[in-house]
Amino acid sequence: MIDKDKIFQNLDFIESMNQFGASPNLDEYWDEIVEILSKDIEATRNFLNNDCNEYQIRHIGSYFEDISYKFKSYDFISILEELQKKYPDIDMREYIKWVKYAIED
């Protein structure tokens, strides 16, 4: 099960630090998001499709490459393709390109 509260708290914290020009080491928060979202591909699919809005998907997109590196599965690309259909204003082509590189690495 995805700890969505933890993910959203971390995203909010990272965004607030970036927004105000602070530059603390945010790796701990980033890594925690990646770790949570790279445990179970179906739980991740469900979370991204059902618990996130377009704004959140845009911010989580920065993590897709690291998540896919851990999954090493082309199934993750199908999740991104689903999100592209659901949110046509988000251009997922770059995300998909980097996800493929991470899988093949």
*Name all residues meeting the ring pair (Phe, Tyr, Trp, His ring centres under 6.0 Å) criterion together with F8; count only those two or more places apart in sequence or in a different chain, and write none if there are none.*
F47

_My understanding is that only residues two or more places apart in sequence, or in another chain, count here; which of them pass ring pair (Phe, Tyr, Trp, His ring centres under 6.0 Å) with Y69?_
none

Counterpart residues, side chain to side chain donor-acceptor pair (under 3.5 Å), relative to [X] (two or more places apart):
X	result
Y87	none
K97	E94
N46	N50
E81	none

*Residues two or more places apart in sequence or in another chain: which of them pass side chain to side chain contact (heavy atoms under 4.5 Å, CB included) with S73?*
I41, F71, D75

*Not counting sequence neighbours, which residues clear side chain to side chain contact (heavy atoms under 4.5 Å, CB included) with K70? List them please.*
V34, E35, S38

Partners meeting salt bridge (Lys or Arg N to Asp or Glu O under 4.0 Å) with [X] (sequence neighbours left out):
X	result
K6	E32
D12	none
E28	none

*Which ILVMFWY residues can you reach from Y101 by hopping between side chains whose heavy atoms are under 4.5 Å apart?*
W98

